[in-house]
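Values below: all heavy atoms of this structure, side chains included; hydrogens, waters and symmetry mates excluded. Note on naming: letters A, B, ... go to the chains in the order of the sequence lines (proteins, then strands), and numbering restarts at 1 for each one.
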Amino acid sequence: MNVFAHFRDQVVAAIESLVSAGSLPPLDDLSKLSVEPPRDPEHGDIATNAAMVLSKPAGMKPRDLAGLLAPELEKLDVVDGVDIAGPGFINLRIADAFWRARVADILAAGTAWGDSAMGAGEPVNVEYVSVNPTGLLHVGHARGAVFGDALAALLAKAGYAVTKEYYVNDAGGQIDALTRSFLKRLQEIRSGEALPDSEFEGLYPGEEVIDAAKAALADPAVSGEVEGWLADSGRLPDGARVFAVAYMLDRIREDLAELGIHHDLFSSERALVEAGAVDEALADLEAKGLIYTGVLEPPKGKLPDDWEERPQTLFRATDFGDDTDRPLRKSDGSWTYFATDIAYHRDKVRRGFNTLIDVWGADHGGYVKRMQAAVKAVTGGAAALDVKICQLVNLTNRGEPVKMSKRAGNVVTVRDVVEEVGRDVVRFIMLTRKNDAPLDFDFAKVTEQSKDNPVFYVQYAHARSHSVFRQAREALPDLDLSEAALASAPVDRLTDKGELSLIKRLAGWPRIIESAAEAHEPHRIAFYLYDIAADFHAHWNRGREDPRLRFVAEDDAELTLARLALVRAVGTVVASGLEIFGVEPVEEMR
RNA sequence: GCGCCCGUAGCUCAGCUGGAUAGAGCACCGGAUUCCUAAUCCGGGGGUCGCAGGUUCGAGUCCUGCCGGGCGCACCA
């Protein structure tokens, strides 16, 4: 139950009854009416702007309108008090009993509490990682990977039918370069003589390509073909290309698995091209009159060295908000990346997705407008593309920049980082910032056991919820702590201010899910979890000062049961948030 | 030169899609605490929300123009 949505319904009902009683004129548009927690808890539990947003259509002053509405809301059983404040806010104080009932809700639903029907099963496609299979994942990729994965989980929790997709760029010039590198490595192994570095100019010299060559020779299914590939190496034989791509993709999949990431679908660019999807998509645009041959203005300022003015096949991106029209064919006549990307996005829409989300790295920022323009053009505005740009990760150790080149040149791989600090730490920290803000990742800090470290702080809250249970079992061995006993705990014994504010915080969880899902912003979950942990730790600490507030009251089994129900609810909501992040909730800190 | 993103306390950042007196952690200052439910607690100072206009009942949030920083800028992906 989203309590704010619940009270919004009550407010709407109150308005409707005033309308039907003739006290208010008919009011159709209630879309701007909101029911939210007030910023300052002193103002009450629930606040609505109803009187302010309806004052104009109702033709009344906000405070007069509030004066009509307040008595209606006061009639509700769970409303203990109503105030009109400021320019016309209506503040409600909700009975403690209402809040306490949420504890039972949470225990009954478990980590499913907070699941929302908001998405109504609408299909959403989240495309993330999509790294070219020409090398290993490096740490820069990890942020987008974790972000996309958490966003997908968040949307699923909010009721969307999410498909997690990886677009494999297995066609084009970079794959040619990979294949060439691969063949050279094979040749090296065959001849026993290393080629000079200059041979790999513009190619992929990374060690993983040597591994690929070794794997090919060791694989009985293809080792027999190697001789033929080398003899025909000038033409980049298909078998070599397919093997190299498959090998790299497997390595990437392994690294993603290290992060706990598993896509639902890997879409192949090559398959798309071979199926004629590009021709089809461009014929579509052609039919709409959105393709023409023209000459682009050279970019102002820095001119590329080899700039040459010539006619090109162009898409009218400017008709859809882009800054310039965009080329679809390279000078050799083949499609640009943009052209195949149009086909790919069109394909996603044709597969039934009207909501597309792409997660890209910072260096692709300049590509957003044209892709959104293309999606608009190709779907006639029926589908929306949201692009989430993940800014750079600034990797340090005690403030010093990190260079951990073990495998891939001067690059820190995902595997390096996961091995260093662990999957859960990587995942959580990557989500503690808005995607469009740069992120600092300090090895020493993220593994520190202190409240400055959000991973530790949140994990510890969960672990502490379990350690309290361990203590209780020891202190009160006869107390029934089964799920059923907790579910029917006498929660009316929860009367302390700290306990009630903790419950109110928990009650906000469903609303956090919905707003974070709507905004495509998983970082809000991280901040919420931190707040819960802070409330929980703070309350625990009050028990050090005042033993009457401790969760375990040895002389009062009933009270203990009620408090443990609350503790279980805290653990449940924290676990539920960590589940979205793909972080394992630990039961014990070591 | 153009586009996108960012600019909030000394530092690192939130700010719930336009609401009330702009919040948290660190750091700083002042207190408490040797407790066992290990891995502190309470309080305090600190702000021209980059600057200037605009929109309206109301702007950190939306619009315009500047300033500063990052990324990108035909034919790579």
Next on the checklist: With rounding to the closest Å, how many angstrom separate the C1' atoms on B/G30 and B/C49?
Outcome noted: 29 Å
Checklist entry - B/U61 and B/G70: how far apart are their P atoms, nearest whole angstrom? => result 24 Å
Checklist entry - Ignoring hydrogens and geometry, is there a side-chain-to-backbone donor-acceptor pair from A/Asp535 to A/Leu502 under 3.5 Å? => result no
Checklist entry - Is the ring centre of A/Tyr457 less than 6.0 Å from the ring centre of A/Tyr530? => result yes
Checklist entry - Can you check the A/Asp322 CG to B/G72 C1' distance for me, whole Å? => result 13 Å
Item to check | Separation of atom CG in A/Leu328 from atom P in B/A77, rounded to whole Å | outcome: 13 Å
Item to check | Residue pair A/Ala343 / A/Ala277: nearest heavy atoms and the distance that separates them | outcome: CB-O, 3.6 Å
Checklist outcome for this item: A/Ile389 CD1 to B/C6 C1', in whole Å, measures 13 Å
Checklist entry - Under the 3.5 Å rule, do the base of B/A74 and the side chain of A/Arg326 count as making a donor-acceptor pair? => result no
Checklist entry - To the nearest 0.5 Å, what is the distance between OG (A/Ser465) and CD1 (A/Ile532)? => result 11.0 Å
Quick one: which protein N/O atoms are closer than 3.5 Å to N/O atoms of nucleotides 12-23 of chain B? Pair and distance per line, please.
| residue | atom | partner | partner atom | Å |
| --- | --- | --- | --- | --- |
| B/U12 | O2' | A/Arg433 | NH2 | 2.9 |
| B/A14 | OP1 | A/Lys434 | N | 3.4 |
| B/G15 | OP1 | A/His523 | NE2 | 3.2 |
| B/G15 | OP2 | A/Lys434 | NZ | 3.4 |
| B/C16 | O2 | A/Arg511 | NH1 | 2.5 |
| B/C16 | O2 | A/Arg511 | NH2 | 3.3 |
| B/U17 | OP2 | A/Glu36 | OE2 | 3.1 |
| B/A20 | OP2 | A/Arg39 | NE | 3.4 |
| B/A20 | OP2 | A/Arg39 | NH1 | 3.2 |
| B/A20 | N6 | A/Asn91 | OD1 | 2.7 |
| B/A20 | N1 | A/Asn91 | OD1 | 3.2 |
| B/A20 | N1 | A/Asn91 | ND2 | 2.9 |

Let me check something: any side-chain donor-acceptor pairs from residues 517-527 of chain A under 3.5 Å, sequence neighbours excluded? List them with distances.
| residue | atom | partner | partner atom | Å |
| --- | --- | --- | --- | --- |
| A/His520 | ND1 | A/Asp386 | OD2 | 2.6 |
| A/Glu521 | OE1 | A/Arg524 | NE | 2.9 |
| A/Glu521 | OE1 | A/Arg524 | NH2 | 3.0 |

Item to check | Distance between P atoms of B/G50 and B/C42 (Å, rounded) | outcome: 31 Å
Between the protein and nucleotides 54-56 of chain B, are there any N/O to N/O pairs under 3.5 Å, and if so, what are the atom names and distances?
none

Next on the checklist: Counting only heavy atoms from other residues, nucleotides and ligands, does the tally under 6.0 Å from CZ of A/Arg470 exceed 12?
Outcome noted: yes
Item to check | Whichever of A/Asp363 and A/Arg310 has its nearest RNA chain B nucleotide further upstream toward 5' | outcome: A/Asp363
Checklist entry - Is it true that a side-chain atom of A/Asp358 and a backbone atom of A/Val387 form a donor plus acceptor pair closer than 3.5 Å? => result no
Checklist entry - Under 4.0 Å between a side-chain N or O of A/Gln471 and OP1 or OP2 of B/A38? => result yes
Checklist entry - Have A/Gln391 and A/Asn435 got a donor and an acceptor in their side chains that come within less than 3.5 Å? => result no
Next on the checklist: Please report the distance separating the P of B/G7 from the corresponding atom of B/C16, rounded so that it comes out in whole Å.
Outcome noted: 12 Å
Next on the checklist: For a quick test of reading the model: is some side-chain N or O of A/Lys61 closer than 4.0 Å to OP1 or OP2 of B/C57?
Outcome noted: no
Item to check | Stacked cation flag A/Arg316 on A/Tyr292, 6.0 angstrom / 45 deg | outcome: yes
Checklist entry - Which part of the nucleic acid does A/Glu308 contact within heavy-atom distance under 4.0 Å: base, sugar-phosphate only, or nothing? => result base
Next on the checklist: How close do A/Arg493 and A/Glu499 get, counting heavy atoms only, and between which atoms?
Outcome noted: O-OE1, 4.4 Å
Checklist entry - Once you round it to whole Å, what is the distance between P of B/A38 and CD of A/Glu474? => result 10 Å
Checklist entry - Do A/Tyr166 side-chain atoms and A/Val131 backbone N/O form a donor-acceptor pair below 3.5 Å? => result yes
Checklist outcome for this item: note: A/Phe315, atom CZ; B/A74, atom P; distance rounded to Å ~ 18 Å
Item to check | Interatomic distance at C1', B/G47 relative to B/G10, whole Å | outcome: 12 Å
Checklist entry - What do you reckon, are the aromatic ring centroids of A/Tyr167 and A/Tyr344 less than 6.0 Å apart? => result yes
Checklist outcome for this item: Atom CZ of A/Arg270 and atom P of B/A77 are separated, to the nearest Å, by 15 Å
Checklist entry - For residues A/Asn91 and A/Asp83, is any side-chain donor paired with an opposing acceptor at under 3.5 Å? => result no
Checklist entry - Taking the same atom, C1', in B/C2 and in B/G23, what whole-Å distance lies between them? => result 37 Å
Item to check | Sugar-phosphate, base or nothing in reach of A/Tyr367, heavy atoms under 4.0 Å | outcome: base
Checklist entry - Starting at the 5' end of RNA chain B and moving along, which residue's nearest nucleotide shows up first, A/Ala362 or A/Asp323? => result A/Asp323
Next on the checklist: Please give the distance between the C1' atoms of B/G46 and B/C67 as a whole number of Å.
Outcome noted: 26 Å
Checklist outcome for this item: Paired runs of 3 or more consecutive Watson-Crick or G-U pairs involving RNA chain B, with both pairing distances under 3.5 Å, are B:1-7 with B:67-73, B:10-13 with B:23-26, B:28-32 with B:40-44, B:50-54 with B:62-66
Checklist outcome for this item: Given the 90°-from-0 boundary between syn and anti, B/U17 should be labelled syn
Next on the checklist: If you take the centroid of each ring, where Trp contributes its six-membered ring, are A/Phe536 and A/Phe551 closer together than 6.0 Å?
Outcome noted: yes
Hey, what are the protein-to-nucleotides 39-45 of chain B N/O distances that come in under 3.5 Å?
| residue | atom | partner | partner atom | Å |
| --- | --- | --- | --- | --- |
| B/A39 | OP2 | A/Tyr460 | OH | 2.7 |
| B/A39 | OP2 | A/Arg464 | NH2 | 2.2 |
| B/A39 | N7 | A/Tyr460 | OH | 2.7 |
| B/U40 | O2' | A/Asn541 | OD1 | 3.1 |
| B/U40 | O2' | A/Arg544 | NH2 | 2.9 |

Checklist entry - Quick one: side chain to side chain contact (heavy atoms under 4.5 Å, CB included) partners of A/Gln174, sequence neighbours excluded? => result A/Asn132, A/Thr134, A/Tyr204
Checklist entry - Between A/Lys369 and A/Gly321, what is the shortest heavy-atom contact and its length? => result CD-O, 3.8 Å
Checklist outcome for this item: Separation of B/C73 atom P from A/Arg370 atom CZ, nearest Å, is 9 Å
Item to check | Nearest-angstrom distance, C1' atom, B/G68 to B/G31 | outcome: 42 Å
Item to check | For atom CG of A/Asp325 and atom C1' of B/C73, their distance in whole Å | outcome: 15 Å
Checklist entry - In terms of side-chain heavy atoms of A/Lys369, which of B/G25, B/A77, B/G3 is nearest? => result B/G3
